Novice: 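First, the structure itself, so that you have it in front of you.
Every number for a ligand or one of its atoms is a count from 1 in the order of the listing. Everything numeric here is computed off the predicted structure, so don't read it as measured data.
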Amino acid sequence: MKEQRTANGRGRHHAFNIPDGTLLRDKMLTPHLLALACTSAAQQLERQRDLHPGVFVGDLPLQDLPEEGAGAEAVLNLFVERYAEQISNSAGPRYFGFVTGGSTPASVIGDWMVSTLDQNPFGSTDSIAPQIERQAIHYLKQLLNIDEAYFGSFVTGATMSNFVGIATARQWIGEQRGHDYSIEGITGAEPIQVLSGSAHSSIYKVLSMAGIGRNAVVKIKNLPGREAMDVADLERHLQRANGPVIVSASAGTVNTVDFDDLEAIGRLKKRYKFWMHVDGAFGGFAGCSPRYAHLTRGINYADSITVDAHKWLNVPYDSAMHFTRHQAQQGKVFQNQAAYLGGDQLSPDFLHYTPENSRRFRALPAWFTLLAYGRSGHAEIVERNCALASLLGEYIERSRHFRLLAPVRMNVVCFTLKGQATQAAVHELMNAVRDDGRAYFSPTVFEGIPALRAAVSNWQTEEKDIQIAFEALEELAARSSVAL
Ligand SMILES: *Cc1c(COP(=O)(O)O)cnc(C)c1O
């Protein structure tokens, strides 16, 4: 913008006056640009079934920032021409890597509205956005059998949700010890112990972020052949613990979707003082299906709960929920007092309870999809994904080339090559399947054995996708010199 004299020469105003007028032109062309983007997006979505699920992309040389802008339409064309083929089709039906959800149609249009409206729902009374966030949290508690008494908020992912849980646990432990760590810090404080059987890697990351340290994890023995804690061993550690500790329980491990016995762990709270955190990043969705809800029984003993939305709720990245029974302690950790914002007493706003101050209106895509498909629609996605994983498990069991490494409990199939499954052989096969373009799997190591994982978490995946993916596995394993 340039400063200009007004016509009458008195006073000044600021107006668009860009050499080529690209910004002004784009402003006038906005409906046209949105229509172009819409067509382009629709074309991309239509190809999701046919595009290669995974792509290999090498490094690109960096380019210099242009002095003059090209305008939005030219940039859209450039992006589509140059990059569309190299975007991972991870939202498509045969991408089985990690635990990757797609995006339901309702969540995509909800997400478009988020950018259009550009809200900052940290909380105040001048927008309905924070109340829609509360409403979405309420729906999710109902969907997942989480008590109404929990305070919930949206964060960027399960890692950040785990961070909120662990940071609030740290505050609680400080209070048990007569300290306010939010003010004093934990430098010089007695170490904090975190008891866990199969903590997700992000728990270690979060312990580093929270100043507790990765070494705080005390490994609890798992049940034989399981990724679930031996609760008797947990109890022995609790007896020996010198003061309150954190127990980090898993509701759905990434390799075998195993669940800690949340009920048995929760009952120990009567006799021992500990903070119970439950990482249910995707396994929390067991709660929405009558078939699997028993797996999260006892979840309401938790002090804090992590559930991802960009995995099994099938909303666009990035989105997850945090649920806490300790809103006050969470507020001590995250409060952001400033005269111009209003204190947490004046405005019990998300800004005082979440790591971010300014934040995206990420509750809206969740709200859209929950209303569009309801409890039964979202339960159907979970149950269909599990049925398809179990079908793939059956194919693997009958295969000459592969063997299952764990029973298929929900939506993940953990398997490896028969014979000598070296890391190199597994990676070779994984890359061959990716380049073949019929499916995408990600590698893992389970009980010391290099393995592949197929996580079925996409609303679009159907039986034919499992067949196509399995055929690719069989063909490529047969061709590979290392199999058999
Ligand atoms: C995916 C996952 C996480 C981390 O989630 P992000 O959304 O990637 O931050 C944590 N815990 C479990 C069990 C997970 O599956």
Side-chain angles (χ1 to χ4, degrees), residues 88 90-91 95-103 107 140 144 153-167 169 194 196-210 214 217 222 226-229 246-260 262 265 276-287 292 295-296 299 302 304-323 354-356 359-360 362-363 365-366 382 385-386 389 406 409-414 441-446 453-458:
S88 157
S90 55
Y95 187 94
F96 302 118
F98 315 99
V99 181
T100 307
S103 297
S107 74
L140 284 156
L144 306 176
S153 51
F154 275 81
V155 291
T156 51
T159 302
M160 207 38 129
S161 184
N162 282 335
F163 174 71
V164 174
I166 295 295
V194 181
S196 194
S198 308
H200 185 263
S201 56
S202 64
I203 294 287
Y204 293 85
K205 172 171 179 166
V206 153
L207 290 170
S208 159
M209 287 161 71
R214 297 173 201 262
V217 176
N222 282 332
R226 296 277 305 274
E227 287 188 302
M229 278 189 257
I246 300 171
V247 173
S248 183
S250 302
T253 56
V254 288
N255 278 335
T256 70
V257 201
D258 212 339
F259 288 72
D260 281 322
L262 304 179
I265 295 170
M276 178 173 167
H277 174 70
V278 174
D279 180 354
F282 65 100
F285 275 82
Y292 298 101
L295 294 169
T296 55
I299 197 167
S304 52
I305 304 170
T306 288
V307 185
D308 245 327
H310 53 222
K311 288 179 181 165
W312 235 349
L313 188 63
N314 277 260
V315 302
Y317 289 102
D318 47 21
S319 186
M321 290 74 67
H322 188 74
F323 301 94
T354 55
E356 308 86 5
R359 46 212 284 279
R360 187 172 170 77
R362 56 174 64 81
V382 167
N385 285 167
C386 293
R409 291 197 179 82
M410 282 191 83
N411 62 327
V412 175
V413 188
C414 187
F441 302 95
S442 56
T444 189
V445 176
F446 180 64
R453 283 174 65 256
V456 188
S457 340
N458 188 299

Novice: Can you see whether Asn162 engages Asp279 through a side-chain donor-acceptor pair at a distance of less than 3.5 angstrom?
Specialist: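 Yes, side-chain donor-acceptor contact under 3.5 Å.
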Novice: Which heavy atom of the protein is the closest neighbour of atom 6 (P) of ligand 1, given with residue, atom name and distance?
Specialist: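 The protein heavy atom lying closest is Ala158 N, 3.5 Å.
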Novice: For the residue pair His310 and Tyr317, does the interplanar ring angle fall in the parallel (under 30°), tilted (30 to 60°) or perpendicular (over 60°) class?
Specialist: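 Geometry flag for Tyr317 against His310: tilted rings.
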Novice: How about Ser153 and His322: does a side-chain donor come under 3.5 Å of a side-chain acceptor?
Specialist: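 Result is no, nothing qualifies.
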Novice: For atom 11 (N) of ligand 1, find the nearest protein heavy atom and state the residue, atom name and distance (0.1 Å precision).
Specialist: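 Answer, as residue, atom name and distance: Asp279 OD2, 2.7 Å.
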Novice: Counting each atom of ligand 1 from 1 as listed, which ones have a heavy atom of Gly252 under 4.0 Å away?
Specialist: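 Those atoms are 13 (C).
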Novice: With heavy-atom distances below 4.5 Å as the criterion, would you say the side chains of Val155 and Phe163 are in contact?
Specialist: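 With C-beta onward as the side chain, the pair stays apart.
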Novice: Give the numbers and elements of all ligand 1 atoms closer than 4.0 Å to a heavy atom of His310.
Specialist: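 Atoms satisfying the 4.0 Å criterion: 7 (O).
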Novice: What residue and heavy atom of the protein are closest to atom 8 (O) of ligand 1, and at what distance?
Specialist: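 Of every protein heavy atom, Thr159 OG1, 4.2 Å lies nearest to atom 8 (O) of ligand 1.
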Novice: Which of the listed options, Ser201, Ser198, Ser202, Ala281, holds the heavy atom that is closest to atom 12 (C) of ligand 1?
Specialist: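 Going through Ser201, Ser198, Ser202, Ala281 one by one, Ala281 has the nearest heavy atom to atom 12 (C) of ligand 1.
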Novice: Out of Thr256, Asn255, Val413, which one pairs with Arg453 under the side-chain contact (heavy atoms from CB on, under 4.5 Å) rule?
Specialist: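 Passing option: Asn255.
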Novice: Write out the residue and atom name of the closest protein heavy atom to atom 14 (C) of ligand 1, then the distance separating them to 0.1 Å.
Specialist: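 Of the protein heavy atoms, Lys311 NZ, 2.8 Å lies nearest.
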Novice: Could you please spell out the steps behind the side-chain contact (heavy atoms from CB on, under 4.5 Å) verdict for Leu144 and Thr296?
Specialist: CA-CA 9 Å; Leu144 306 176; Thr296 55; over 6 Å; no
Novice: In this structure, does ligand 1 have an atom that sits under 4.0 Å from one of the heavy atoms of Met160?
Specialist: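 Checking ligand 1 against Met160, which is what was asked, there is no heavy-atom contact under 4.0 Å.
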Novice: Which bit of Phe282 gets closer than 4.0 Å to ligand 1, counting heavy atoms only: side chain, backbone, both or neither?
Specialist: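 The side chain, only.
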Novice: As an exercise, identify every atom of ligand 1 less than 4.0 angstrom from a heavy atom of Gly157.
Specialist: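 With Gly157 as reference, the close atoms of ligand 1 come out as 7 (O), 9 (O).
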Novice: Which atoms of ligand 1 have any heavy atom of Val254 under 4.0 Å away?
Specialist: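 By the 4.0 Å cutoff, the relevant atoms are 15 (O).
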Novice: Are Ser250 and Glu227 packed together at the side-chain level, in the sense that at least one heavy-atom pair is separated by less than 4.5 angstrom?
Specialist: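 Not touching, per the 4.5 Å side-chain cut-off.
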Novice: For a 4.5 angstrom cut-off between non-hydrogen side-chain atoms, does Arg359 reach Phe154?
Specialist: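 Result yes, sub-4.5 Å side-chain heavy-atom pair found.
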